[in-house]
Amino acid sequence: MTDRPKYYITTAIAYPNGAPHIGHAYEMIATDALARFKRLDGFDVHFLTGTDEHGIKMVQTAAREGLTARELADRNVPLFRKMVAAVGASNDDFIRTTEPRHHAASQAIWQAMEAAGDIYLDSYAGWYSVRDEAFYAEGETVVGGDGVRRGPQGTPVEWVEEESYFFRLSAYQERLLKLYEDNPDFIGPDERRNEVMSFVKGGLKDLSISRTTFDWGIPVPGNPRHVMYVWVDALTNYITGVGYPDVESASYKRFWPADLHVIGKDIVRFHTVYWPAFLMSAGVPLPRRVFAHGFLFNRGEKMSKSVGNVIDPIALVEHYGVDQVRYFFLREVPFGQDGNYSHEAIVGRINADLANDLGNLAQRSLSMIAKNLDGKVPAPGAFSAADADILARADGLHALCKAAFDRQEIHVALGHVWSVVAEANRYFAGEEPWTLRKTDPARMATVLYVTAEVVRQVSVLAQPVMPTAAAKLLDLLGIPADGRSFASLGAGGRLVPGTALPAPAGVFPRYVEADKAEA
Ligand code: ME8
């Protein structure tokens, strides 16, 4: 057993009722960056993702396509696995809710809630949104001009009346409010916490947690005429993934409770009201934090022809490059808020931030080292005030990034890193090492050393967001594989003079329109 601290992080599990879309890829990329950051920072990370395969939405989509729900899931799950690999995710596990381990966990948590006296049989009559897989109170619905009644997320609702098991959610109002009061970090960002608190303060009704009108789900223990409401089984995936109900298993003891559930803003209520109530009832410790990201929208303009209108995330990464797409989403969209993407915005980031700012800084300093210093890391002379200043800024990045990542403010961390890149470009231009080459070669060597050292720290910190490109930069700087963790940041990990470097190569090509007419 390791003495490193542990970190358990999850994405939502997607409905495989269609192919994965950009929203799924965005959540995967962001969660992956958070997981990689923690690994590089010395944590023993467990990163879980997967698919949510039960429920009426799957049944209805399958019926429209002439398939069973199982066939639909089996057809689409490989597309999700492919997307996960294509965006470079470093997940440790991929759970399908149709797996036997998950049936066992769901039935066990049901039985624990039942033993606590929180489940009873009654009949349900009310509004249900198939698209959201959610029950809504009448007051949460409105009839639009088209005569269609819709729920709070704008999806159509239908009247449902059937025998159903209920969970005594009403009994948890006070305990939930105390949870939010005592743990202000339980829900992020803060505006989501405020919404949840006012929803819970408004009063909670008992929740219908089984269905009898279809059988695509996990049977209710002791009454297989009922299948569990899909959200009871879906949320349980987070404990299945670490070995529940075997609470003595090494993985459960090591990793539960989860440190962070990353989800989208449309499913906050399930994760911050229902889920903690289920866990309290079952006597299972609660996750530490739930963070809701915003939604991504295509700004509507045409993307380049080869990407189509880019609903397919695999086409997007094939076209622009996986590191480029990861950087774009995480830098452009403040994590937690909604954002837009467009061909123009992606190309702007690729050419400005990556090719010009970081790419040129690395390329110019490394090619001068190759040409003038025998391709070896130079030995610096005494540091000037300007050298010391830019090195101090680079040394300060770790603490700034850590603080930002701990709040899931990925965009803020990238902002800090790129402001040091901008400063280093100003430093390089101001020092004019190409002039020093003739007038003061020793000073040139110091300037190139300082610049390469800044590129080293920036590259180490870029790894969570751009794992492949950052690795290439670290290769060019001659940094061994075991010298790339965050332990190497700061003055303790300085470039070693005399290290022979490989021939420099461009890492961030400019994006050039293949055909202006398509753009
Ligand atoms: O909600 N932009 O599955 P899902 C950003 N199975 N994120 C988006 C998005 C968009 N345009 N569209 C969806 C479910 N998402 C449930 C989850 S968890 C126990 C069960 C996000 O396939 C969405 O908010 O509809 C959610 O976090 C994830 O993608 C999966 O959505």
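Residue numbers start at 1 and run along the sequence shown. Because the structure is a prediction, the values reported are computed rather than measured. Counting starts at 1 for both ligands and their atoms, in listed order.
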(message) Name the residue from Lys6, Lys38, Arg289 that meets the salt bridge (charged side-chain N to carboxylate O under 4.0 Å, His left out) definition with Asp259.
(response) Lys6
(request) Answer side chain, backbone, both or neither: which part of Glu133 comes under 4.0 Å from ligand 1, heavy atoms only. (result) neither
(request) Could you check which of Ile267, Ile13, Thr11 puts a non-hydrogen atom nearest to atom 16 (C) of ligand 1? (result) Ile13
(message) Exactly one of Phe135, Tyr274, Tyr172, Tyr124 should register a ring pair (Phe, Tyr, Trp, His ring centres under 6.0 Å) with Phe167. Which one does?
(response) Tyr172
(message) Once you restrict to heavy atoms under 4.0 Å, what part of Tyr238 touches ligand 1? Side chain, backbone, both or neither.
(response) side chain
(request) Please identify each residue that fulfils salt bridge (charged side-chain N to carboxylate O under 4.0 Å, His left out) with Asp41, with sequence neighbours left out. (result) Lys402
(message) Would His271 count as a polar contact of ligand 1, with the cut-off being nitrogen or oxygen pairs under 3.5 Å?
(response) no
(request) Among all protein heavy atoms, pick the one closest to atom 2 (N) of ligand 1 and tell me residue, atom and distance. (result) Leu296 N, 3.0 Å
(request) Would you check the N or O atoms of Ala14, main chain and side chain alike, for any that come under 3.5 Å of an N or O of ligand 1? (result) no
(message) Is the distance from the ring center of Trp110 to that of Tyr165 below 6.0 Å?
(response) yes
(request) Would you kindly say whether His102 and Asn237 are connected by a side-chain donor-acceptor distance under 3.5 Å? (result) no
(request) Show your reasoning for whether side chain to side chain donor-acceptor pair (under 3.5 Å) applies to His343 and Glu513. (result) CA-CA 10 Å; His343 173 68; Glu513 300 293 349; 2.9 Å; yes
(message) Using a 4.0 Å cutoff against the non-hydrogen atoms of Ile263, which atoms of ligand 1 qualify?
(response) 27 (O)
(message) Is the ring pair His46/Tyr8 parallel, tilted or perpendicular, if the boundaries are 30 and 60 degrees?
(response) tilted
(message) As an exercise, identify every atom of ligand 1 less than 4.0 angstrom from a heavy atom of Asp266.
(response) 23 (C), 24 (O)
(message) Under 4.0 Å from a heavy atom of His293: which atoms of ligand 1 are those, numbered in the order shown and with their elements?
(response) 5 (C), 7 (N)
(request) Flag Asp52 as yes when one of its N or O atoms lies below 3.5 Å from any N or O atom of ligand 1, and as no otherwise. (result) yes
(message) Checking side-chain hydrogen bond (donor to acceptor under 3.5 Å, both in side chains) between Ser210 and each of Glu163, Arg225, His226, which is the one that passes?
(response) His226
(request) Mark up the atoms of ligand 1 that fall under 4.0 Å of a heavy atom belonging to Ala234, in ascending order. (result) 19 (C)
(message) Using a 4.0 Å heavy-atom cut-off, which part of Phe297 comes near ligand 1: side chain, backbone, both, or neither?
(response) neither
(request) Mind telling me whether Phe37 and Phe486 have parallel, tilted or perpendicular rings, with 30° and 60° as the class edges? (result) perpendicular
(request) Below 4.0 angstrom from a heavy atom of Gly294, which ligand 1 atoms are there? Numbered from 1 as shown, please. (result) 5 (C)
(request) Would you check whether Trp231 reaches within less than 4.0 Å of ligand 1, judged by its heavy atoms? (result) yes
(request) Decide whether an N or O pair under 3.5 Å exists between His24 and ligand 1. (result) yes
(request) Determine the interplanar angle of the Phe270 and Trp231 rings, folded into 0 to 90°, and report it as parallel if under 30°, tilted if 30 to 60°, perpendicular if over 60°. (result) parallel
